[in-house]
Amino acid sequence: MPHRGRVVVIDDKTEDGEAIVRSLWKLQVPSFFLHYDQDVISSLDSNKKLDGIRFIFQDIALVSPDFPGNDDYSAAAAGIDRILDDNNGPWLLITWSTWGNDPQLGNRYAQELFDYLSERLPSGKRPYQYAVIDKRPYAEDREHGAVRTDLSMEEKNRLFHNVQDSITPVESLESLAHWEANVRSSASRVLHNLWNMVPPSSPQELNKSLGGVLYQLAKAQEGSRLKKSDNLAFPLYQILSSMLYDKVSHMNSAEVKVPDDVKQSVEAPRINSMLHWDSASKKITPSPGCVYEWPSDELVNLGTICVSKDNIKEFIMDAFIGDDVNKRRDARKDPEFLKNVRPILFDITPACDHAQDKAFWRRFLVGIIVYEKAKKHFYRDGGKKLPGEFLKATPKLQNGEDTWYLVLNSKLVVSIPDQAEYFSSRDREQCPPFVPMVSKLELVGRVREQMLQEFISWYGRMATRPGIVSLS
């Protein structure tokens with residue numbers, strides 16, 4: 001167990017949970033003890049869920065007076081679901097219970113609990129394996145009572161080694177755990193560097209001094225147009241994250257090796273999605289690379305582009321299929337075309353405009369999301385090329401069972417107002433109905449930095465190429 005691994009202990013008896021926590025303290029492992037109680041569980045703030053938890057010591061019999069059963073497993077699942085973030089990731093279940101190693105049934109109850117949690121918890125909260133620590137040797141009656149508070153030194157040492165030995169290492173996961181710990185350590189070092197620039201003083205002066213440092217950092221990122229009254233979050237996150245990346249990537253890391261018979265069972269679209277795509281969530285702030293659904297108005301007027309709902313299919317064919325007669329014919333005949341192809345808006349507004357809240361008119365490229373079933377309508381040469389350099393696509397991505405591509409058109413650039421005040425009354429009268437402001441658009445997700453820069457570079461080349469006219 002890495003000494004910086006994060007651990008949760010869940011038990012309905014305080015003395016039982018504290019026995020494990022004391023052993024973890026001895027190992028210098030930070031831990032969180034949750035005294036299980038239905039009222040406590042239901043009162044937990046859903047906005048304060050824990051992430052990065054890699055081990056959970058879980059009592060099996062939380063509510064049953066006799067043999068463990070579905071009520072106990074359901075209670076365990078409810079508690080874990082309540083305290084873990086949806087994207088927590090893999091963790092080891094360690095059943096700390098007098099029922100963990102039954103004389104007649106062995107690990108049956110531990111296995112049942114593991115199976116129950118694996119089947120019912122969301123994918124980001126499921127255990128990857130389980131281990132067992134028998135609580136009976138430490139119980140008052142050596143059976144199913146509470147853990148004794150007067151454990152001898154020998155018993156404490158034995159429990160300490162039980163905890164230490166309960167971890168069955170998965171080497172690849174251990175390597176990732178070291179990386180995760182290094183990320184936290186690097187963030188702490190960045191914060192330390194910041195704090196070292198602030199002279200000791202009263203809390204009021206500290207706030208002013210540190211605020212000055214944060215403002216200077218944000219200004220270094222965004223330039224002289226930045227004002228103290230601006231929201232500094234975006235430029236600060238950018239510059240601090242770049243410092244974090246630098247520290248993490250240059251740390252003396254633990255050796256990472258994989259087995260000789262390594263399995264390469266993950267398909268490329270899933271890897272591509274992890275590298276290049278961030279699905280929509282409340283944590284995504286408007287920024288370059290954000291992808292929005294096409295407005296749902298009956299008539300969408302973007303100034304140079306005016307498309308009605310009835311005409312959306314023809315618009316997509318004109319902009320993304322081109323003059324290939326056969327492909328246009330097949331697309332028209334496809335009854336599920338609009339089910340498998342949908343237009344989107346891709347934000348290419350400069351980052352500084354987002355950071356300074358000065359994106360009065362945000363710039364977007366018009367694009368489409370194309371699911372695998374409809375790829376044949378757009379790609380040529382055996383599915384390898386799009387019909388022009390003015391179109392550019394992501395690699396194949398995957399959400400759930402669906403595989404898809406994001407395709408952008410460099411010729412279709414539009415600006416959309418960020419707030420209603422930027423509509424003139426004249427515009428409303430002459431061009432109704434106008435596209436809704438950006439804040440009303442529905443977010444699909446975000447293209448990550450690497451792919452975003454590729455798109456920006458491609459668009460820059462397409463927008464600035466002088467072109468060559470010649471006679472051959």
Side-chain angles (χ1 to χ4, degrees), residues 1-10 24 27-32 49-58 80-81 83-95 114 117-118 121-132 163-191 237 240-279 281 283-284 395 397-400 446 448-451:
M1 181 187 292
H3 74 277
R4 285 175 289 179
R6 301 180 71 189
V7 182
V8 169
V9 181
I10 304 175
L24 292 171
L27 285 167
Q28 293 180 266
V29 175
S31 59
F32 170 79
K49 292 189 175 184
L50 304 176
D51 56 18
I53 301 300
R54 298 293 164 243
F55 307 92
I56 295 183
F57 288 80
Q58 174 70 61
I80 292 168
D81 187 46
I83 63 173
L84 287 192
D85 184 82
D86 290 345
N87 298 305
N88 179 77
W91 54 276
L92 178 68
L93 169 67
I94 305 170
T95 55
F114 173 77
L117 298 177
S118 300
L121 286 174
S123 59
K125 302 181 182 182
R126 293 172 188 162
Y128 66 84
Q129 191 49 274
Y130 75 93
V132 174
V163 172
Q164 198 169 35
D165 297 339
S166 65
I167 310 303
T168 305
V170 177
E171 290 185 13
S172 298
L173 186 56
E174 286 285 291
S175 299
L176 288 177
H178 281 290
W179 169 81
E180 184 179 35
N182 284 342
V183 171
R184 289 198 296 270
S185 179
S186 297
S188 181
R189 286 181 169 90
V190 171
L191 193 59
Y237 270 54
L240 293 177
S241 296
S242 66
M243 294 169 63
L244 174 62
Y245 170 77
D246 181 77
K247 288 189 178 295
V248 172
S249 57
H250 290 86
M251 286 191 78
N252 184 16
S253 56
E255 187 177 51
V256 179
K257 287 189 175 182
V258 296
D260 292 334
D261 56 345
V262 61
K263 294 182 179 180
Q264 293 178 277
S265 56
V266 179
E267 296 180 357
R270 289 189 182 274
I271 299 291
N272 290 336
S273 296
M274 185 189 77
L275 294 174
H276 302 304
W277 180 253
D278 189 8
S279 297
S281 73
K283 295 182 180 180
I284 296 180
L397 305 173
Q398 185 165 359
N399 281 352
R446 179 180 64 88
R448 296 190 192 276
E449 187 67 22
Q450 205 175 43
M451 183 60 65

>> Could you walk me through whether Phe114 and Thr95 satisfy the side-chain contact (heavy atoms from CB on, under 4.5 Å) test, starting with their C-alpha distance in whole Å, then the side-chain angles of each, then the deciding distance to 0.1 Å, before giving a yes or no?
In response: CA-CA 9 Å; Phe114 173 77; Thr95 55; over 6 Å; no

> So, do Val248 and Trp179 sit near enough that their side-chain heavy atoms are less than 4.5 Å apart?
Replying inline: yes

>> Less than 4.5 Å apart, side chain to side chain, heavy atoms only: is that true for Val8 and Phe55?
In response: no

>> A quick test of your reading: do over 12 heavy atoms of other residues, nucleotides or ligands sit less than 6.0 Å from CD of Gln129?
In response: yes

> Taking side chain as C-beta onward, heavy atoms only, is Ile83 less than 4.5 Å from Ile53?
Replying inline: no

> Can you list the steps and then say if Ile56 with Ile80 is a side-chain contact (heavy atoms from CB on, under 4.5 Å)?
Replying inline: CA-CA 9 Å; Ile56 295 183; Ile80 292 168; 4.3 Å; yes

>> Can you tell me how far apart NE2 (His276) and CD1 (Ile271) are? Round to the nearest 0.5 Å.
In response: 10.5 Å

> Any side-chain heavy atom of Val163 within less than 4.5 Å of one from Val29?
Replying inline: no

> In Å, rounded to the nearest 0.5 Å, how long is the span from CG of Leu191 to CE of Met243?
Replying inline: 10.0 Å

> Out of curiosity, Ser273 OG to Asn399 CG, how far, rounded to the nearest 0.5 Å?
Replying inline: 5.5 Å

>> side-chain contact (heavy atoms from CB on, under 4.5 Å) for Asn87 and Asp51? Distances and angles first, verdict last.
In response: CA-CA 7 Å; Asn87 298 305; Asp51 56 18; over 6 Å; no

> Is the shortest distance from a Lys or Arg side-chain nitrogen in Arg446 or Asp278 to a carboxylate oxygen in the other one below 4.0 Å?
Replying inline: yes

>> Trp91: which residues meet the ring-ring contact (aromatic ring centres under 6.0 Å, His included) condition with it, sequence neighbours left out?
In response: none

> Which value, rounded to the nearest 0.5 Å, describes the distance between Asn88 atom CG and Lys125 atom NZ?
Replying inline: 9.0 Å

> Just wondering, do Phe57 and Val7 contact through their side chains at under 4.5 Å, heavy atoms?
Replying inline: yes

>> Could you walk me through whether Arg6 and Glu180 satisfy the salt bridge (Lys or Arg N to Asp or Glu O under 4.0 Å) test, starting with their C-alpha distance in whole Å, then the side-chain angles of each, then the deciding distance to 0.1 Å, before giving a yes or no?
In response: CA-CA 10 Å; Arg6 301 180 71 189; Glu180 184 179 35; over 6 Å; no

> Atom OG in Ser188, atom CG in Leu244: separation rounded to 0.5 Å?
Replying inline: 11.0 Å

> For Tyr245, does its backbone N or O pair with a side-chain atom of Ser249 as donor and acceptor, under 3.5 Å?
Replying inline: yes

> With a 4.5 Å limit on heavy-atom distance, are the side chains of Val9 and Leu24 in contact?
Replying inline: yes

>> If I take atom CG from residue Leu176 and atom CZ from residue Arg54, how far apart are they, to the nearest 0.5 angstrom?
In response: 9.0 Å

> Is a side-chain donor or acceptor of Ser186 paired with a backbone partner of Asn182 at a separation under 3.5 angstrom?
Replying inline: yes

> Quick check: does any side chain N or O of Arg448 sit under 3.5 Å from a backbone N or O of Met274, one acting as donor and the other as acceptor?
Replying inline: yes

> Does the side chain of Leu117 reach to within under 4.5 Å of the side chain of Pro127, using non-hydrogen atoms?
Replying inline: yes

>> Tell me whether Arg189 contacts the main-chain N or O of Lys247 through its side chain, where contact means a donor paired with an acceptor under 3.5 Å.
In response: no

